[in-house]
Structure formats: structure tokens, C-alpha cells
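By convention in this document, chain letters (A, B, ...) are assigned in the order of the sequence lines, proteins followed by strands, and residues within each chain are numbered from 1.
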There are 4 protein chains.
Amino acid sequence: MTSALGRPRDARTHTAILAATVELVVETGYGSLAIGNIATRAGVGKDAIYRRWPGKPELVYEAVFTSVDASPIPDTGTLIGDVTVLVAGLLDEFAAPAAAAALPGLLADFAAQPALRARIREDFLAPAKSRLIELFDRAAARGELSTDIPVDLILDSLAGTVLFHVGLVGAPVPPGLADRLAEMIVLGIQTR
Amino acid sequence: MTSALGRPRDARTHTAILAATVELVVETGYGSLAIGNIATRAGVGKDAIYRRWPGKPELVYEAVFTSVDASPIPDTGTLIGDVTVLVAGLLDEFAAPAAAAALPGLLADFAAQPALRARIREDFLAPAKSRLIELFDRAAARGELSTDIPVDLILDSLAGTVLFHVGLVGAPVPPGLADRLAEMIVLGIQTR
Amino acid sequence: MTSALGRPRDARTHTAILAATVELVVETGYGSLAIGNIATRAGVGKDAIYRRWPGKPELVYEAVFTSVDASPIPDTGTLIGDVTVLVAGLLDEFAAPAAAAALPGLLADFAAQPALRARIREDFLAPAKSRLIELFDRAAARGELSTDIPVDLILDSLAGTVLFHVGLVGAPVPPGLADRLAEMIVLGIQTR
Amino acid sequence: MTSALGRPRDARTHTAILAATVELVVETGYGSLAIGNIATRAGVGKDAIYRRWPGKPELVYEAVFTSVDASPIPDTGTLIGDVTVLVAGLLDEFAAPAAAAALPGLLADFAAQPALRARIREDFLAPAKSRLIELFDRAAARGELSTDIPVDLILDSLAGTVLFHVGLVGAPVPPGLADRLAEMIVLGIQTR
DNA sequence: AAATAAGCGAGACGGTACGTCGAGTCTTCAA
DNA sequence: TTGAAGACTCGACGTACCGTCTCGCTTATTT
């Protein structure tokens, strides 16, 4: 059991850094976000940041995406209902101001480093995939679906579509987007 | 007709800059790509670059995406065939080494600037949309399709899926990806 | 006899360059004086300047010091009177706006290049020395002076004092400066 | 008493910068002296220089003229002796390799900026003037001198002559220069 | 008249240095 | 050991001039 030696880390420092990060990423955008500015805004030294996170991508990731897997797996009784809830959740999360501001740059930095690239798969895709599989298993048990489902393709489609719309097109999310996207994909795979 | 005044710009300089950009973006990645290094590699002064392009995003865009709209609109006789050809074209273009290396960072920079964000819509989405509409019109004429088609949603899905897979997941493109994606989307809209 | 081949140089171009140089050196100072700006102000190409002068120092020198040796050798009847006139002439010339603005930087550039350094001696010191010698010869003939006069030292003193005051101290020239300087030096050498 | 906050400036960095400046100004001359090269030679970042000095003139001034007022006020018993020592000191200081290399360009830069121009008067002329006044007071007490002495004129003459000779004429300093200059000026003012 | 040749304004060209900014690390004192 | 402050090296930024060059055009002399 490792006991803490020396002065313990201050939780308020942690909080202040994350809060400052969220504020600044909205104000200046991810690309113009400087660690030094975050430190100043948080009333903190730069080292206090580098002591906790290896760099900007990891810090922003933690600051912006806190509740990724907090939401429970939906169970509405129909596949299309479940997928709609899932997509709506994605949209909610990615369309938030800080997320929308951070996403393109953040993804670019993650994509550029193999080590971070792996985290996209592990932290984001893998849990989402297991959720999807559960939905499909339930749907198959109800007889809604055949068994050989291209889960990876569906995952790429759902996430890619949402990210593309929110992060790159930059347009506001139209009302029925989640419903229409879920319907299209589910019909596409149900029809064989 | 205004005749050119002063010494005209050297086409070889132009070419050398674009070539050096493609080389370096593959070698170092978009984020580490420095204008000064491009200039040195091209045997050119930095001014020669800034005279032609306002910044790194515009330069890389022109260097990497040259033949966006060069390919003819496919006409295979079936909607699913046409869309497959379209998606395969997207995959070919985005999976090329320079494009794959440049894409995430490039999209981040474009997304960060409203002026550039507009260019995504104008230079990329608008032409793609008109192509899609033509395919759908032909399909509707053949009776393959009803008339109220969510073109924007389909566009987001096709482009988003391809970009997500190539740019972020970073995995090699599996053999049948184009066919399976096209099939899923087309079935998804034909059924409803 | 070499006859002029091709189009002869335009005298108005010459004039315009010199005029623009004088204007700009007063407005911006010697250090911030750029050949390109002179060309623009004169409505002229940069080559028209480089065709006539090797560089900024030579151009400014010609633009600012036109009438160096135009004034006649003074002959007032007394040595002190002659030297006073000489010093007053120096002060007039060096205190003019363009000259005062150009002098320190110009001298620095001349001093930095051995080739130009020689021109200080030839174009400026040598003629002044021969003038001084004539004054001293006349004074010796009148019995005002012994014969072994340290002409070089006197020259350094007169020129150095005036340049130091005008160029570096930057103070306005006090009324009796020429008289008092001439008196001090002449008495200093007459007493021997 | 305010205690120093943050990491204190490293004295070795300071020293290394000044040493590199002296070396380079001798090797390349003042005009070709580049801040970036000084930084490289000193093994230091450019910021470390700009943090301490506002620009090249101030840096070179501090690097080259360290011991301006270190020498004690001479007291030889006669005015001419005292002034000779003073002039010899000026010559020694200005004829040193680094000083001779820096002087013309340095003076030009100082003269070009009003703020620096004032420093010539404050840091250099004012102390020298008070020294001169002390010499003259002692001489007057000994009866060597009348009381109304044009101190400013004498200062301009001594400094101007030395600077002109060393900085612009560029000739080596002849052996008896200090004696002869001091003699001329002192006789010039003693004779009334 | 045609050929030749230099001058001319405009501006592109390869360089070099500028002064600023951010990165990530290090060093001080205080808690 | 944490923490705020700020100095440290490094590297890229975008700009400004340098002095040269390459255009189309003009203005002279020579054939």
C-alpha cells in the first residue's frame, strides 16, 4: 500500500484547472488553447497541470468528456427505439458548446499520436461496441434481426455521421436528426 | 483585359511547393508541418508560399486534394451500384497516404475558422450533394425510390463514416467496406 | 570614345530618387530608410536605384551632401576669423534637417566598410585639410603663427566637435558656438 | 522588503550573453550583429536576451562599456596633466577592439532613438562633466584658470575629437595624441 | 525601316533577421 | 511533495528588407 509522501495534491487545484480549460476552449477554440493560459486563468502554475496530464489532448479530453459512459444502456422494447436513444445521447454530448469547440482539434491530436489513437478505440469505441452488441442481442432474441450484424460498420456510421455533422459541417442539429439517422441505419440492416 | 504587370509567378515554384508539402505531410504529419520546412525542402523562400496561400490549411488542402471533382458521375444502372462507386471513390481519395496523414489536422483547422468552414460546404459538400441528387433522380425515374429523400442526412452518413474510419480509427480499409456501407444506406432509404 | 548604347538614363528619375531619399530620411531616419520605400515614393523601380548607386550609404551621401566643397575658402584677414567662417560652414551643413537625420547612421555605415571608410578621408578630410593648410600658410605669412602646426589634430577637433554636438548630443546649436570653438582652437595652437 | 518570486535569473546566462556579444561584435561588426547569433553563441534562447534588454543597442552598450566611471578622477597637480590623463582614459576605452568595432553603429542607434539619446547625456556626458568641473575648480583654486569656463564646449571637443578619430577616421592612435589634444584645449582656454 | 541594346515600373524570387509566442522543463521560496 | 511564480532552451510564427531576376514596354543608336 503506497502512502502519500509529502504534501497531498489539492483537489481544488484539479477542479480549477478543468473549469478553466472548459471556459477557454469555448472562448478561444482548441487550436489556440495554450497550457500557460489555462494555468493563468486557473490561478495555478503550469507544473500543476503537467503533473496531472501529459499534454493538452489528455487534459481537454478529461475536461470536456466526463460522463461518456454514465448513461445507462437504453431498453425501449424495440431496436429502433434503443438506437434512437443512443444516437440522441451522442448528439447531446457532442453538441454541447465545449465539446463542439474541442472536438475537431482534439480528434486531430488523438489521431496524430498512435498512443492516443489507441485510446479512441479503447475508451470510446470498445464500450460503445459492447453496448451496441447488447442491443442487437436483445433485438435478435425478439426476432427483429438476423444474427450476422456488421457491428463495426454500424458504429463507424453512427459515430461518423454525428461527428461529421457536429464537428465539421458546424450546422445546428435539426430536430429529428437522431430519429431519422437511427431509422435509416436500422432499416438498412434489418432488410438484410 | 488586364495584362499581367511585373514578373509573373513561376509555375515551377508553385509545383515545387506543392510537391514538398505532400512529401512533408506524409513524413511528419500535419501538426508538425512547418511552413519554413516546406520552403526549405522546395528550395523556395517563405514569402513565395505566403504570396500564394494565406496559411497552412489552404496550402495543404490544395496540395493534397487536387482531383476532388475530376471523377465522372457513376451510372451503373442500379442505385446501389452507383452509390458503391461513389463511396469507393471517397475511400480511394481519403485513404491515400498524404490525405490520410493530412485529414484530421486539416479538418480541425478548417472547422476552427468560419471562413474555411464555409469552404468545406462549398468546395466539398455542395458538389457532392448535386451528384447524389442526380443519382437519386435517376433511381426515382427507374422506380427504385420514393421521392422524398433526406439527401443531407445521406451525405453526412457517407462522408462521416468514411472520414471517421480513415481519419480517426486509423485502421486499414477492409475489402468490402464500400459495398457494405452503400448497401446499408441504400436499403435504409429504399425501405421507408 | 564610347558612345551611349540603348536608351539613356532619365534625368528625372535621378532627381526623383534623390528627392524621395531626402524626404524619407527626414521622416523615418536613416536606419529605417528602406530602398524599396524610396523607390515607391519616387515612383520608380528598385533597379533604377541599384543601377546608379551600390547601396544605401552612397545614395544617401549623394542625396544629403551635395555642396560640400562649393563654398569658397574664407579670407577675412585674421586666422581666427577664417576658422570661424569654416566652422560656421560645417555647422550650417551638418545641422540641416536631412543631414542631421542622416549623419549618425551614415557615418556608421561608412565606418563599417573599409572601402567607404576611405571615402571619408578622400572626399571629406583631404579637401578640408588642404583648405586648412592654406589658412595656416596665410596666417604664418602674416606672422600669426609658428610653422609646425598639427593640422590633422585640428581637423579632428573641429570636425569631431561639430559632429559630436550635432549628431549625438542632438541639442540645438547655441548661437556663438562657431566663434567660441574657433577661438579656443586657434588660441590653443597660437600659444603653442 | 519584497522577496524575489519565482525562479531568479541565472547570473551565468547574463555573463554568457555579454561575453558572446563582445566576441561577435568584434568578429562581425555592430551592423551584422544578430540577436539570434548572440543567443546561439551563448547557448541561450533569444527570450533570455529580450527579457533583460529591450534591444541590440542597450545590450551592446552594457557589454562593451562596463568600466566607464570606474577610473578615479585624476589629480596630477596641474590642469594640463589632469586633462591629459582624462583624454588618455577616453582613448584607452574607445580604442579597445570591441569598443572600436561597436562605436559607430552603436552611436547611430542611440542617436536615432530619443530615449536612448537621453542616455548618452545622462550616463556618459553628465558624469564626465562633473569630473571636468572638479578639475577646473581645483585649477582655479591654484590660480591656473579664470572662472568662466565653457565646460560643455570643452566636453564636446574632447569627446568629439576622440570619437571622430577612433570611430570614423579609423586610423591607429598616434603616440602623443592625448598630450597634444589636452595641451591644445587647455592652452586655448587658459589664454582667455 | 529594322535590329539592337539599354532603361524603366512592377513585382516575383531566395535569403536572413526580426520580435513574439507557446512548449515542456527547471529552480527558487513557502506551505 | 505540492504549489505559484517565473526563468530556461527550443522551435515556429508571419513580416520586412535585402539585392537579384524576369516580365512587357519604351526610347535611344546603329545598320
Side-chain angles (χ1 to χ4, degrees), chain A residues 4-10 12-14 16 31-40 42-52 54-56, chain B residues 3-10 12-14 16 31-40 42-52 54-56, chain C residues 3-10 12-14 32-40 42-52 54-56, chain D residues 3-14 32-40 42-52 54-56:
Chain A
L5 206 63
R7 172 175 174 177
R9 293 195 183 166
D10 191 333
R12 285 171 309 183
T13 299
H14 207 91
S32 307
L33 190 62
I35 300 284
N37 293 343
I38 296 176
T40 302
V44 142
K46 279 201 289 178
D47 275 10
I49 296 180
Y50 283 110
R51 215 174 281 130
R52 291 161 219 268
K56 185 164 75 160
Chain B
S3 75
L5 248 162
R7 176 178 175 174
R9 296 195 181 161
D10 191 333
R12 285 170 310 183
T13 298
H14 207 90
S32 306
L33 190 59
I35 300 282
N37 293 343
I38 296 177
T40 302
V44 145
K46 277 200 288 179
D47 266 14
I49 295 181
Y50 283 110
R51 210 175 288 128
R52 290 160 219 266
K56 186 164 76 159
Chain C
S3 72
L5 206 63
R7 175 176 172 177
R9 294 191 183 165
D10 191 332
R12 285 171 310 181
T13 299
H14 206 91
S32 306
L33 190 61
I35 300 285
N37 294 342
I38 297 176
T40 302
V44 143
K46 280 202 289 179
D47 274 11
I49 296 180
Y50 282 110
R51 212 174 283 130
R52 292 161 220 265
K56 184 164 78 158
Chain D
S3 78
L5 249 162
R7 175 178 176 176
R9 296 197 180 160
D10 191 333
R12 285 171 310 183
T13 299
H14 207 91
S32 306
L33 190 60
I35 300 283
N37 292 342
I38 296 177
T40 302
V44 143
K46 277 200 288 180
D47 266 15
I49 296 180
Y50 283 109
R51 209 176 288 128
R52 291 160 218 266
K56 186 163 78 160

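- In this structure, CG of D:N37 is placed 13 Å from P of E:dG19, rounded to the nearest angstrom.
- Between C:K56 atom NZ and F:dC17 atom P the separation is 10 Å, expressed in whole Å.
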Chi angles and distances behind the side-chain contact (heavy atoms from CB on, under 4.5 Å) call for C:R52, C:T13: CA-CA 10 Å; C:R52 292 161 220 265; C:T13 299; 3.3 Å; yes
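- Not one side-chain nitrogen or oxygen of D:R7 sits closer than 4.0 Å to the OP1 or OP2 atom of F:dT9.
- For A:R52 and F:dG3, the shortest distance from a side-chain N or O to OP1 or OP2 is below 4.0 Å.
- Heavy-atom distances to DNA chain E give each of C:D47 and C:P8 a nearest nucleotide, and the one nearer the 5′ end belongs to C:P8.
- Among the atoms of the strands shown, only primed sugar atoms or phosphate atoms (P, OP1, OP2) are found under 4.0 Å from some heavy atom of B:G43.
- Listed nucleotides: F:dG14, E:dC8, E:dA5. Nearest to the side chain of B:I35: F:dG14.
- Applying the 4.0 Å criterion to OP1 and OP2 of F:dT22, one finds that B:R12 has every side-chain N and O outside that range.
- If you measure from atom NE2 of B:H14 to atom P of E:dA12, you get 14 Å, rounded to the nearest angstrom.
- Map D:A48 and C:P54 each onto its nearest nucleotide of DNA chain F; the residue landing nearer the 5' end is D:A48.
- Distance alone, capped at 3.5 Å, places no donor-acceptor pair between the B:K46 side chain and the B:I35 backbone.
- Rounded to an integer number of Å, the gap from CD1 of C:I38 to C1' of E:dC8 is 18 Å.
- For D:T13, a side-chain nitrogen or oxygen approaches OP1 or OP2 of F:dC8 to under 4.0 Å.
- Checking F:dA4, F:dC8, F:dC17 against every side-chain atom of A:V44, the shortest atom distance belongs to F:dA4.
- Rounded to an integer number of Å, the gap from A:K46 NZ to E:dT25 C1' is 9 Å.
- Annotation for A:A16 and A:A42: closest pair O-CB, 3.6 Å, computed over non-hydrogen atoms.
- Between the side chain of C:K56 and the backbone N or O of C:A34, no donor-acceptor pair lies under 3.5 Å.
- The side chain of A:R51 contributes an N or O atom lying less than 4.0 Å from OP1 or OP2 of F:dG3.
- Closest-nucleotide positions on DNA chain F for B:S32 and A:A39 were compared, and the one nearer the 5' end corresponds to A:A39.
- One atom, OH of B:Y50, and another, C1' of F:dT15, lie 9 Å apart when rounded to the nearest Å.
- Summarising the geometry of D:G45 relative to D:A39, their closest heavy-atom pair is C-CB, 4.0 Å, with the distance given to 0.1 Å.
- One interatomic measurement links the two molecules: CD1 of D:I49 to C1' of E:dT20, which rounds to 14 Å at whole-angstrom precision.
- As a whole-Å value, the separation of D:R9 CZ from F:dA7 P is 5 Å.
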